Amino acid sequence: MARVRPLSGFPELTPRDRVVEAHVLSTLREVFALHGYGEIETRAVEPIDRLAGDSEASKEIYVLQRLNAEGDAEAKLGLHFDLTVPFARYVEENQGALQFPFRRWQIQKVWRGERPQEGRFREFYQADIDIVARETLPEHLESEVAIVMARALGRLPIPSVTMHVNNRALVEGFYRGVGIDDVAGALRSVDKLDKIGPDGVRAELAEQGVSETAADAALELARISSPDASFAAAVEDLWETTTKVEDPSDAQEQLARGIASLTALVESVNAAVPGTAVADLRIARGLDYYTGSVYETFMDGHEGFGSICSGGRYDSLVAGGGFPGVGMSIGVSRLVALLLSAGLVSATRGVPSAVLVAVTDEETRAASQGIADRLRDRGIPCEVAPSAAKFGKQIQHADKRGIPFVWFPAPDGDGQVKDIRTGDQVDADADTWEPPAADRWPGVSAADPA
RNA sequence: GUGGCUGUAGCUCAGCAGGUAGAGCAUCGCGUUGUGGUCGCGAGGGCCGCGGGUUCAAGUCCCGUCAGCCACCCCA
């Protein structure tokens, strides 16, 4: 038999690390549900022609095909590479059964055939929330998703986060006003500002045929940011002083709408979750279907991790038009991998058991199992020692697994339970004894801020 | 998908210029015959990632491959 080997980009966690991932997942579910979002789960596959919207993305798609398919049969199914495409199909398919605006959360694995690196995998969890409307999507919902995500992230055992927000209409209006026609292309270049610097962006824009003055204006715009509404005045000043196209009235109108929308977003998010949102006019997002608010979220002090939660507003979820919506997505696997490798979080233990019931000798194993079952009846996770080794060994067995309590049965009664961290040992009754709430199940602790 | 760096014990890493594989920690045993963690003594543990090549001789040099990481690309 061939030796087993890891598969590049398909990581598997130890039980202890999975405790961290599971904790993150359940925390997100709870916060999403608290805000009225319902869960859906979609199938793992979609027709390839639906997935492969553009040829760029299609290179990443894993296809699904029967091993013994006819030799010339073309693969028709592919694994989804995000949750937005399947969600769009789901909404279209079930529109008669859904109430709008429709809020949903969805946490599933997705697959991308990319070259793996730390925190970048080929199979990973994504956690999405979206709200879609049938006809028009009220603007306040663009604030709502940001607030829900900010609260969800706030509940995780991670450092505080800052959500950088921008508005596509604002940027597009501005760009068109200064004579940049390929708005999407320009955005992609400006998005690289951190990586390639202002001169790099200028060079890329020049290649796209953007004039020097327009490129400078775009870079000036990207420099503006504020944790409140004061960005608006800065944008308006820049607009006044910059060289514009012959008739910028349409562009100016679009710009004004974007400014108003971004102002409302920053103010309402910060009212709900103070200190979270920053209007940052450099945030672009590579995806070109966004039309309104766009979001990128960074962990304070760990900006190098990149965005851990992002999204935006789109005018139309489905190809034929209709169903405007807004959504955000957390790359859970990426986030968890980065947290673990940076030592920012750890599980309190890797096994569920809060108690190890010791075995005095094999003749009385049944008595130990009886104690364990009575604890389980009351929802206390426990296990029975694998062998009747010396008690010192049994304590070590518990200690290595992080099990905080060892129960020593006695011939006459239930015996005693010992907290092996403190050494405290007390008489106990298996029908009434309770571990502290914090010890009952494995938990996740944030690293002490150094 | 393109380019680069790395791969030696469970972990972190030494290994000289090609000359029979090492340390610390961890593990196991005993001292300590039924309540651990200290200390002392001892032991086990290696397809030197995998395959091929050069050489009298390869952990060491060359090629390929796989895996991890980094930069592109793209994004979570």
Side-chain angles (χ1 to χ4, degrees), chain A residues 2-12 14 21 24 28 54-61 80-84 107-128 149 153 188-189 191-192 195-196 200 204 284-288 290 294-299 304-312 327-339 341 356 358-362 364 385 387-411 415-426:
Chain A
R3 294 185 105 202
V4 294
R5 292 171 192 290
L7 209 47
S8 184
F10 295 86
E12 294 171 320
T14 59
E21 185 175 72
V24 169
L28 296 177
D54 59 74
S55 56
E56 284 302 310
S58 63
K59 286 188 295 190
E60 307 182 340
I61 296 171
H80 57 225
F81 56 82
D82 71 7
L83 298 180
T84 304
I107 299 178
Q108 289 182 239
K109 289 269 182 81
V110 304
W111 294 268
R112 288 183 197 175
E114 282 196 285
R115 186 79 164 259
Q117 298 180 18
E118 181 170 38
R120 294 187 55 173
F121 307 116
R122 292 177 162 174
E123 177 182 59
F124 57 96
Y125 276 111
Q126 212 166 278
D128 279 31
M149 278 303 195
L153 292 167
R188 264 194 294 279
S189 295
D191 201 29
K192 298 183 201 165
K195 272 184 193 165
I196 62 179
E204 284 202 11
R285 307 279 301 132
L287 304 172
D288 56 9
Y290 291 127
V294 288
Y295 322 86
E296 288 202 346
T297 313
F298 299 88
M299 223 184 292
F305 285 178
S307 178
I308 57 164
C309 172
S310 47
M328 294 185 77
S329 174
I330 298 179
V332 176
S333 301
R334 171 186 177 74
L335 176 61
V336 169
L338 293 171
L339 292 171
S341 75
L356 175 79
V359 175
T360 309
D361 49 54
E362 288 302 332
T364 60
S387 77
K390 287 192 281 190
F391 284 163
K393 294 282 171 226
Q394 299 195 43
I395 292 170
Q396 281 183 355
H397 179 90
D399 193 33
K400 269 186 290 191
R401 287 162 179 71
I403 301 172
F405 293 97
V406 176
W407 194 294
F408 299 104
Q416 297 191 312
V417 65
K418 175 186 184 112
D419 183 332
I420 64 174
R421 298 162 299 189
T422 61
D424 294 342
Q425 187 167 334
V426 296

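Not measured: the values here are computed from a predicted model. In what follows, every chain begins at residue 1, and chains take the letters A, B, ... in the order their sequences are listed. What's counted below: heavy atoms across the whole structure, side chains too, no hydrogens, waters or symmetry copies.
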Set of salt bridge (charged side-chain N to carboxylate O under 4.0 Å, His left out) partners for A:R421, sequence neighbours left out: A:D419, A:D439

Could you measure between the two P atoms, the one in B:rG1 and the one in B:rU65, and give it in whole Å? 12 Å

Rounded distance (Å) that lies between atom C1' of B:rA76 and atom CD1 of A:I107: 14 Å

Would you measure the distance from the C1' atom in B:rG19 across to the matching atom in B:rG29 and give it in whole Å? 36 Å

Does the side-chain ring of A:F391 lie flat on the base of B:rG36, meaning centres under 5.5 Å and planes less than 30 degrees apart? no

How far does the C1' atom of B:rC28 sit from the matching atom of B:rG36, given to the nearest Å? 16 Å

Protein heavy-atom contacts under 4.0 Å, written 5' to 3' over nucleotides 39-45 of chain B as B (base), S (sugar-phosphate only) or - (none), form the string -------

Listed partners of A:R120 passing salt bridge (charged side-chain N to carboxylate O under 4.0 Å, His left out), at least two apart: A:E114

Starting at CH2 of A:W407 and ending at C1' of B:rG36, how long is that distance when rounded to a whole Å? 20 Å

My understanding is that only residues two or more places apart in sequence, or in another chain, count here; which of them pass side-chain contact (heavy atoms from CB on, under 4.5 Å) with A:Q108? A:E41, A:T42, A:H80, A:L83, A:Q106

Could you work out the separation of B:rU12 and B:rG53 based on their C1' atoms and round it to a whole Å? 33 Å

Non-neighbouring partners of A:Q396 that pass side-chain contact (heavy atoms from CB on, under 4.5 Å), sequence neighbours left out: A:K393

Which whole number of Å gives the distance between the P atom of B:rG49 and that of B:rA67? 16 Å

Side-chain polar contacts of residues 402-410 of chain A - donor-acceptor pairs under 3.5 angstrom, sequence neighbours left out - could you list them?
| unit_1 | atom_1 | unit_2 | atom_2 | d |
| --- | --- | --- | --- | --- |
| A:W407 | NE1 | A:D414 | O | 2.7 |

Testing B:rC74, B:rG34, B:rU35 for proximity to the side chain of A:R120, the answer is B:rC74

Nucleotide nearest A:K192 when distance is taken to its side chain, options B:rG34, B:rC74, B:rA76: B:rC74

For A:E12, enumerate each residue passing the salt bridge (charged side-chain N to carboxylate O under 4.0 Å, His left out) test, keeping only those at least two apart in sequence or located in another chain. none

Under 4.5 Å between any side-chain heavy atoms of A:L28 and A:I330, yes or no? yes

B:rC74 and B:rC13: how far apart are their P atoms, nearest whole angstrom? 34 Å

Going 5' to 3' through nucleotides 27-33 of chain B and flagging B where a protein heavy-atom sits under 4.0 Å of the base, S where only the sugar-phosphate is that close, and - otherwise, we get -SS---S

Can you name the salt bridge (charged side-chain N to carboxylate O under 4.0 Å, His left out) partners of A:D399, sequence neighbours left out? none

Mapping A:I308 and A:P116 to their closest nucleotides on RNA chain B, which lands nearer the 5' end? A:P116

Measuring from the side chain of A:E118 (C-beta onward, heavy atoms only), which nucleotide among B:rC70, B:rA76, B:rG34 has the closest atom? B:rC70

Nearest-Å distance, CZ (A:F405) to C1' (B:rU35)? 16 Å

For the side chain of A:Q117, starting at C-beta, report the closest nucleotide among B:rG36, B:rC70, B:rC74. B:rC70

My understanding is that only residues two or more places apart in sequence, or in another chain, count here; which of them pass side-chain contact (heavy atoms from CB on, under 4.5 Å) with A:D424? A:T422

Sort me out a list of protein N/O and nucleotides 4-11 of chain B N/O pairs below 3.5 Å, or just none if empty.
none

Between A:C309 and A:G392, name the one whose nearest nucleotide on RNA chain B is closer to the 5' end. A:G392

Please report the distance separating the C1' of B:rU55 from the corresponding atom of B:rA9, rounded so that it comes out in whole Å. 29 Å

Whole-Å distance between B:rA76 C1' and A:D82 CG? 10 Å

So which nucleotide from B:rC73, B:rG34, B:rU35 ends up closest to the side chain of A:K418? B:rU35

For RNA chain B, what dot-bracket results from Watson-Crick or G-U pairs at under 3.5 Å, with [ ] for crossers and | for inter-strand partners? (((((((..((((.....[..)))).(((((.......))))).....(((((..]....))))))))))))....

Protein-nucleotide distance (A:F121, atom CZ; B:rA67, atom C1'), rounded to Å: 14 Å

Write down the distance separating the C1' atoms in B:rU2 and B:rG10, rounded off to the nearest Å. 36 Å

Roughly how far, to the nearest 0.5 Å, is the OG atom of A:S307 from the CE atom of A:M299? 10.0 Å

Can you check the A:E296 CD to B:rC75 C1' distance for me, whole Å? 10 Å

Roughly, in whole Å, what's the span from CD in A:E114 to C1' in B:rA71? 14 Å

Separation of B:rG37 C1' from A:R401 CZ (nearest whole Å): 16 Å

Return the nearest nucleotide to the side chain of A:F408; candidates are B:rU35, B:rC74, B:rG34. B:rU35

Within-4.5 Å side-chain heavy-atom neighbours: A:D82 and A:Q126: yes

